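The sequence lines fix the lettering, A, B, ..., with proteins before strands; numbering per chain opens at 1. All values derive from a computational prediction rather than experimental measurement.
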Amino acid sequence: RKEVEQDPGPFNVPEGATVAFNCTYSNSASQSFFWYRQDCRKEPKLLMSVYSSGNEDGRFTAQLNRASQYISLLIRDSKLSDSATYLCVVKFDDYKLSFGAGTTVTVRA
Amino acid sequence: EPEVTQTPSHQVTQMGQEVILRCVPISNHLYFYWYRQILGQKVEFLVSFYNNEISEKSEIFDDQFSVERPDGSNFTLKIRSTKLEDSAMYFCASSVGDEGYTFGSGTRLTVV
């Protein structure tokens with residue numbers, strides 16, 4: 001069973017739309033959760049950490065549901081520059097990060 | 001903003017040759033990592049390094065791989081005898097502890 005699973009998409013949305021997608025993780029002992037963004041052939045870059053109470057950073061909102069072991073990311077008022085692959089990342093009881101395969105989002109004009 | 005620096009950005013090597021990928025982590029970070037991403041696949045953990053020794057490694061990190069911190073700034077990944085399937089993007093990362101991971105821009109390794 002994969003440690004971190006994501007809907008690969010692609011999600012094709014018009015500018016200004018809201019897009020949301022989830023990620024599930026298998027290890028209930030997971031400690032930390034993140035959303036990273038990866039542009040084509042570039043390094044992953046931290047978008048935001050995900051906290052138990054849910055958190056928001058501008059147009060981005062992340063939620064964590066420990067009981068159901070899923071994380072979500074919502075992007076409001078999407079911009080062309082939001083087009084990227086969004087990686088769900090989970091850290092267990094060590095310093096290793098486990099990555100999902102990514103959800104591709106394409107925002108069109 | 002501090003960054004993790006990787007060199008070279010692209011390395012082409014013949015099968016069976018040794019390659020060394022180089023990284024300069026952020027100076028006050030204590031934990032160092034190598035990850036790889038085969039084209040079209042997910043980012044995979046290879047190895048973590050702390051206090052001058054390997055703290056964890058994955059199944060991918062077999063005897064062909066080694067890491068070293070030869071001085072106070074560099075962190076290297078060596079692949080002794082490259083195989084075609086080693087072709088991938090290799091990312092170095094560093095962190096202070098369990099927060100603040102920063103990835104380098106990667107080395108694209110092509111084994112021919």
Side-chain angles (χ1 to χ4, degrees), chain A residues 1-10 21-27 29-52 55 57 62 64 71 73 84-106, chain B residues 1-7 9-10 21 23 25-26 29-51 53-61 67 87-110:
Chain A
R1 184 179 173 188
K2 293 180 185 174
E3 289 183 326
V4 182
E5 291 206 53
Q6 295 184 246
D7 181 344
F21 40 88
N22 294 335
C23 157
T24 58
Y25 59 95
S26 61
N27 189 335
S30 301
Q31 292 187 334
S32 303
F33 309 90
F34 310 92
W35 282 105
Y36 276 73
R37 170 195 170 123
Q38 186 174 35
D39 294 293
C40 188
R41 298 185 176 226
K42 298 288 183 72
E43 76 272 25
K45 291 188 176 177
L46 179 66
L47 180 65
M48 58 195 302
S49 300
V50 186
Y51 302 116
S52 297
N55 49 299
D57 183 359
L64 167 63
I71 307 146
L73 181 67
T85 297
Y86 291 84
L87 308 177
C88 176
V89 182
V90 176
K91 189 179 77 66
F92 302 114
D93 58 356
D94 49 29
Y95 292 97
K96 176 185 79 174
L97 300 180
S98 292
F99 285 78
T103 297
T104 300
V105 173
T106 302
Chain B
E1 188 175 325
E3 57 181 32
V4 174
T5 305
Q6 287 188 245
T7 54
S9 57
H10 191 187
L21 310 183
C23 169
I26 293 173
H29 284 189
L30 301 176
Y31 297 84
F32 314 115
Y33 315 85
W34 284 101
Y35 287 79
R36 81 171 185 189
Q37 187 175 31
I38 294 170
L39 187 63
Q41 298 187 23
K42 67 175 185 177
V43 177
E44 300 174 290
F45 169 78
L46 292 178
V47 65
S48 59
F49 191 86
Y50 170 71
N51 203 23
E53 59 183 25
I54 290 174
S55 48
E56 190 176 357
K57 58 184 180 180
S58 71
E59 293 175 352
I60 304 167
F61 195 88
V67 289
S87 295
M89 195 75 163
Y90 287 81
F91 294 110
C92 175
S94 67
S95 68
V96 174
D98 59 357
E99 293 281 338
Y101 289 82
T102 302
F103 284 81
S105 56
T107 293
R108 180 169 302 282
L109 177 65
T110 304

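A 4.5 Å side-chain heavy-atom check between A:N27 and A:E3 finds every atom pair outside the cut-off.
Test B:S94, B:S95, B:S48 against B:Y33 for side-chain hydrogen bond (donor to acceptor under 3.5 Å, both in side chains) and you get one pass: B:S95. If you run ring-ring contact (aromatic ring centres under 6.0 Å, His included) between B:F103 and each of B:Y90, B:F32, B:Y35, only B:Y35 comes through.
Residue-level contacts of residues 43-51 of chain A with chain B, in order of numbering, are A:E43, A:P44, A:S49; threshold 4.5 Å between heavy atoms.
Annotation for A:Q6 and A:C88: closest pair OE1-N, 2.9 Å, computed over non-hydrogen atoms. When every heavy atom of A:F99 is checked against every heavy atom of B:V43, the shortest pair comes out as CB-O, 3.5 Å.
Of the listed residues (B:M89, B:Q6, B:E56), the greatest number of heavy-atom pairs within a distance under 4.5 Å of chain A belongs to B:E56.
Only the backbone of A:K42 comes within contact range of chain B, judged by heavy atoms closer than 4.5 Å. Of the atoms belonging to B:Q37, it is side-chain heavy atoms, and not backbone ones, that fall under 4.5 Å from chain A. Both the backbone and the side chain of B:S105 come within less than 4.5 Å of a heavy atom of chain A.
Under the salt bridge (Lys or Arg N to Asp or Glu O under 4.0 Å) criterion, A:D39 pairs with A:R37, sequence neighbours left out.
Note: B:Y31 and B:Y50 meet the aromatic proximity criterion, with ring centroids under 6.0 Å apart.
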Checklist entry - Are A:Y25 and A:L64 close enough, and set up right, to give a side chain to side chain contact (heavy atoms under 4.5 Å, CB included), and what steps lead you there? => result CA-CA 11 Å; A:Y25 59 95; A:L64 167 63; 3.9 Å; yes

